[in-house]
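Values below: all heavy atoms of this structure, side chains included; hydrogens, waters and symmetry mates excluded.
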Amino acid sequence: MMTNYGNRITQGQFSFLPDLTDEQILKQIEYALQQGWAMNVEFTDDPHPRNTYWEMWGLPMFDLHDPAGILYEVNECRKAYPNHYIRLTAYDSTRGWETPRMSFIVNRPKDEPGFGLLRTEVNDRHIVYTIRSYATEKPENERYG
């Protein structure tokens, strides 16, 4: 049985689990590096499911092979954006793949307002559904905390 702890944003791997500890995050980083994947840290205050392009924290770490160094960057991003969503993405640059292979949230705001579903009737009684984030009711950088 899957459980969504507190109706949290569920994007990426491990999203139905409790927050990963730094030790568990480090293990995932080690796994990604063993596969030859590059890591990058991203953050946002608008985690809408269609908002796939989050802000990057620095450049992708193609040349960083030390898990502790990547965790250091995660923690620096946490310090700078404690009330934002932060995720780690592992990118496989192997020819033919060239795609993110792993992505998971490593930081989230204490209060996650969630999303609303807006239902609209249009031509010929067709129903159109729109998902909107409650967080976007506030200006950018004032959405959490």
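When every heavy atom of R108 is checked against every heavy atom of D19, the shortest pair comes out as NE-OD1, 3.3 Å. Looking at every heavy atom in both residues, M61 comes nearest to N40 through CE-CA, 4.0 Å. Between L71 and I29, the shortest heavy-atom contact is N-CD1, 4.1 Å. Smallest separation of non-hydrogen atoms from I105 and N107: CG2-O, 3.2 Å. Here the closest heavy-atom approach between residue S93 and residue E98 is recorded as O-CG, 3.9 Å.
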* Residue pair D92, Q35: steps toward the side chain to side chain contact (heavy atoms under 4.5 Å, CB included) verdict -> CA-CA 8 Å; D92 184 355; Q35 307 309 308; over 6 Å; no

* To do: Could you walk me through whether T89 and E42 pass the side chain to side chain contact (heavy atoms under 4.5 Å, CB included) test, one step at a time?
  => CA-CA 8 Å; T89 302; E42 301 169 302; 3.0 Å; yes

* Which is it for L20 and K27 under the side chain to side chain contact (heavy atoms under 4.5 Å, CB included) test, yes or no, and what are the steps along the way? -> CA-CA 10 Å; L20 298 179; K27 291 291 184 190; over 6 Å; no

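Put simply, CG on L64 and CD1 on I70 are 4.5 Å apart, with the number rounded to the nearest 0.5 Å. To the nearest 0.5 Å, atom OH of residue Y85 and atom CD of residue Q11 are 8.5 Å apart. A distance of 9.5 Å separates CG in D66 from CD in E30, rounded to the nearest 0.5 Å. The line from OG1 of T94 to CZ of R101 is 7.0 Å long, rounded to the nearest 0.5 Å. The OG1 atom of T21 sits 3.5 Å away from the CD atom of Q24 when rounded to the nearest 0.5 Å. The CE atom of M102 sits 15.0 Å away from atom OH of Y91, with the distance rounded to the nearest 0.5 Å.
In this view, W54 satisfies the ring pair (Phe, Tyr, Trp, His ring centres under 6.0 Å) rule with no residue, not counting sequence neighbours. Not a single ring pair (Phe, Tyr, Trp, His ring centres under 6.0 Å) links Y72 to another residue, sequence neighbours left out.
There is a path of hydrophobic side-chain contacts, each under 4.5 Å, that joins L17 to Y31.
Without hydrogens or angle criteria, E121 side chain to I127 main chain gives no donor-acceptor distance under 3.5 Å.
Heavy-atom contacts from other residues, nucleotides or ligands closer than 6.0 Å to CG of L118 number more than 12.
No side-chain heavy atom of D45 sits under 4.5 Å from any side-chain heavy atom of N83.
Inspection of the E76 and W57 side chains reveals no N or O donor paired with an N or O acceptor under 3.5 Å.
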